[in-house]
Amino acid sequence: MSHLAFHLSRIRRNLMTAPRVRFAPSPTGYLHVGGARTALFNWLFARHAGGTHVLRIEDTDRDRSTEAHTRVILDGLTWLGIGWDEGPFFQGEYAARHRADAERLLAGGKAYRCFCTREELEAQRARAEAAGGGFRYDRRCYRLTPAEIDARLAAGLAFTIRFLLPDEEIAWDDAVHGRISFQGGDLDDFVILRSDGSAIYNLAVVSDDIAMRITHVIRGDDHISNTPKQIALYRALGHAPPVFAHVPMILGTDGKKLSKRHGATAVGDYRHEGILPAAMRNFLALLGWSPGDDREILSDAELIERFSLEGIQKKAAVFDTAKLEWMNGQYISAMPASELTEGVRRELGRMGVNPDGRDLAPAIEAVKSRSRTILQLAERVAVRLDPSRSALDPKGQALIGKMGPSFSANLRHAADALDALPSGDWRPEPILARLQHVAESDGLKLGDVMQPVRVALTGGTVSEPVNELLAVVGRDTALRRLREVAARFDSRSAG
RNA sequence: GGCGCUAUCGUCUAGGGGACUAGGACGGGGCCCUCUCAAGGCCCAAACACGGGUUCGAAUCCCGUUAGCGCUACCA
């Protein structure tokens with residue numbers, strides 16, 4: 001097939017069948033991991049099907065929406081590597097269409113003016129609750145005669161527009177839950193247009209989804225109870241509803257809806273904790289979705305290839321930070337040092353460490369398989385650049401206490417032996433040979449020489465093999481540090 | 001209260017009437033490797049919420065119970 005023919009067929013296919021999905025966050029807070037996962041599912045679905053991913057900011061709640069939040073959401077998506085093909089559109093810009101739709105419904109007898117004030121409504125609600133039941137609007141304004149309506153209009157009374165909810169079954173075949181059914185009679189005649197003429201969420205969403213020709217609505221299952229209202233709106237407006245796919249919530253470790261008190265919940269938090277976008281995508285994709293087999297580490301291409309609505313779980317999922325960090329560690333270990341340098345450099349800058357143009361790759365290479373976040377990685381690199389940055393941890397402390405005077409004695413022997421090594425031989429293998437020689441001639445176990453060096457250089461008892469550590473730190477810096485530490489603990493035991 | 005959704009190891013999940021002695025992964029424990037740790041390899045503990053059906057046979061289908069969650073605004 002020629003290129004031209006290929007493109008033509010592709011365009012044709014897109015016109016006819018390609019799905020259009022949207023991610024529609026409201027800018028009333030940060031980009032939450034739940035929202036991020038919804039965005040990811042939409043994106044994966046669109047990519048898998050060769051469809052279009054639309055980004056729409058739902059800013060109709062003017063009191064709570066801010067530009068700063070919009071910025072954060074956009075940045076979060078960009079950092080995460082979740083793209084969109086159209087938008088961002090701002091719902092606030094379609095107020096005229098929303099209003100026209102409401103008025104069309106009103107003219108068609110599918111909605112009615114409600115002159116009840118907030119106070120009256122609140123009183124009714126309070127009464128209903130006191131009686132032990134739930135509040136449902138009693139349609140008193142629906143029963144107003146044309147003359148009564150005219151009189152109120154003439155008096156300049158404010159009104160909202162309420163949707164007249166038909167008492168019929170409203171059901172749909174949810175792509176993740178299967179058939180879900182509601183009775184219209186159980187639902188309220190909800191407000192679709194505020195008294196100031198602005199649209200309420202359910203109307204705005206339906207109006208926009210129709211206008212944007214959305215074919216699949218993939219969103220959190222906290223919207224299940226909104227869906228029958230929206231389907232009723234589609235019917236009243238004369239449009240076929242899209243396919244709905246309600247994805248499960250993400251919970252905190254206590255099984256409650258994820259919130260601030262669970263710690264990090266915004267994607268920005270994970271960014272700052274040194275989580276890689278690719279790891280985050282992979283982890284989020286597996287939260288509530290499964291490719292159907294045992295694979296855990298999946299590239300974007302594999303995710304896109306395998307993604308389907310059928311693989312989405314019905315049950316809410318608990319966000320497990322430990323597994324995220326494990327996965328991030330897998331990504332870090334598998335990445336070449338060259339791809340990690342930029343992130344490490346940025347962290348070093350934040351920590352106030354100046355690498356002075358030094359090649360960070362060897363240090364990164366030495367510690368990356370032991371690091372689960374970029375933050376950890378950068379801290380370890382910083383210590384290797386300048387061992388005086390190291391802090392003595394409890395295990396390092398314990399080792400010093402246990403070894404007593406031999407701690408500094410062994411350190412000094414190691415330093416002296418290493419000093420004999422020509423700088424051209426300051427490589428892991430010769431270093432190891434020297435240290436083995438020291439241990440042998442002093443009648444010590446290799447660990448008795450290695451561990452003090454490790455503690456002197458890193459402050460702890462855990463690191464890459466000591467010979468590699470020495471090689472990475474560099475001859476001059478390492479020798480100086482070893483002697484400094486030996487001297488410090490000599491004077492301490494002498495005093 | 002009403003309406004709706006959900007229920008497999010601590011957590012993420014596989015499972016679609018017989019292949020289930022319920023598999024994998026994280027986390028936990030142990031062993032190997034080893035100068036320590038990580039990685040890797042091997043091993044262990046750990047689950048079908050409960051009760052009724054349907055069926056020759058139920059983790060799987062149906063009903064109920066219980067529990068959790070969501071919605072019930074002139075919020076989204």
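Just so it is clear, the structure is predicted and the values come from calculations on it, not from any experiment. Residue numbers begin at 1 in each chain, while the letters A, B, ... track the order of the sequences.
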Identified pairing partner of [N], criterion: Watson-Crick or G-U wobble below 3.5 Å:
N	answer
B/G64	B/C50
B/G1	B/U72
B/A59	none
B/U34	none
B/A39	none
B/U11	B/A25
B/A19	none

Under 6.0 Å between ring centres: does that hold for [X] and [Y]?
X	Y	result
A/Phe319	A/Tyr270	yes
A/Phe41	A/Phe307	yes
A/Tyr201	A/His223	yes

Decide whether [X] and [Y] meet the rule of one side-chain donor and one side-chain acceptor closer than 3.5 Å.
X	Y	answer
A/Gln451	A/Arg454	yes
A/Arg194	A/Thr160	no
A/Thr38	A/Arg219	no

Contact class for [X] (heavy atom, under 4.0 Å): base, sugar-phosphate, or nothing?
X	result
A/Thr253	nothing
A/Gly460	nothing
A/Glu58	sugar-phosphate
A/Phe182	sugar-phosphate
A/Ser65	nothing
A/His246	nothing
A/Val318	sugar-phosphate
A/Asn226	base
A/Glu464	base
A/Gly288	sugar-phosphate
A/Arg125	sugar-phosphate
A/Thr28	nothing
A/Thr461	base

Determine whether any donor atom in the side chain of [X] lies under 3.5 Å from an acceptor atom in the base of [N], or the reverse, and answer yes or no.
X	N	answer
A/Glu129	B/G1	no
A/Lys323	B/A25	yes
A/Arg454	B/C35	yes
A/Asn202	B/A76	no
A/Ser195	B/C74	yes
A/Asp196	B/C74	no

[N], OP1 or OP2 - any side-chain N/O from [X] closer than 4.0 Å?
X	N	value
A/Arg372	B/G27	yes
A/Lys315	B/U8	yes
A/Ser198	B/C74	no
A/Gln330	B/A39	no
A/His223	B/A76	no
A/Arg194	B/C75	yes
A/Arg295	B/G24	no

Please report the distance separating the [atom1] of [N] from the corresponding atom of [M], rounded so that it comes out in whole Å.
N	M	atom1	answer
B/A59	B/G18	P	11 Å
B/A46	B/C9	P	14 Å
B/G10	B/C63	C1'	31 Å
B/A7	B/G24	P	23 Å
B/C20	B/C48	C1'	11 Å
B/A22	B/C35	P	41 Å

Seminar exercise, completed: Testing B/U11, B/U36, B/A76 for proximity to the side chain of A/Asp320, the answer is B/U11
Exercise. Which nucleotide, B/U36, B/A25, B/C35, lies nearest any side-chain atom of A/Val462?
Worked result: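 Closest nucleotide among those given: B/U36.
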Exercise. With the threshold set at 4.0 Å, does a side-chain nitrogen-carboxylate oxygen contact exist between A/Asp174 and A/Arg179?
Worked result: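 No.
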For this session: Rounded to the nearest angstrom, tell me the gap between atom CG in A/Leu187 and atom P in B/C3.
Result: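 So the CG-P distance, A/Leu187 to B/C3, works out to 12 Å.
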Exercise. Do any N or O atoms from the side chain of A/Arg139 and from the backbone of A/Cys141 form a donor-acceptor pair under 3.5 angstrom?
Worked result: no
Exercise. So A/Trp326 and A/Phe283, side-chain contact (heavy atoms from CB on, under 4.5 Å) or not? Walk me through it.
Worked result: CA-CA 10 Å; A/Trp326 164 76; A/Phe283 177 74; over 6 Å; no
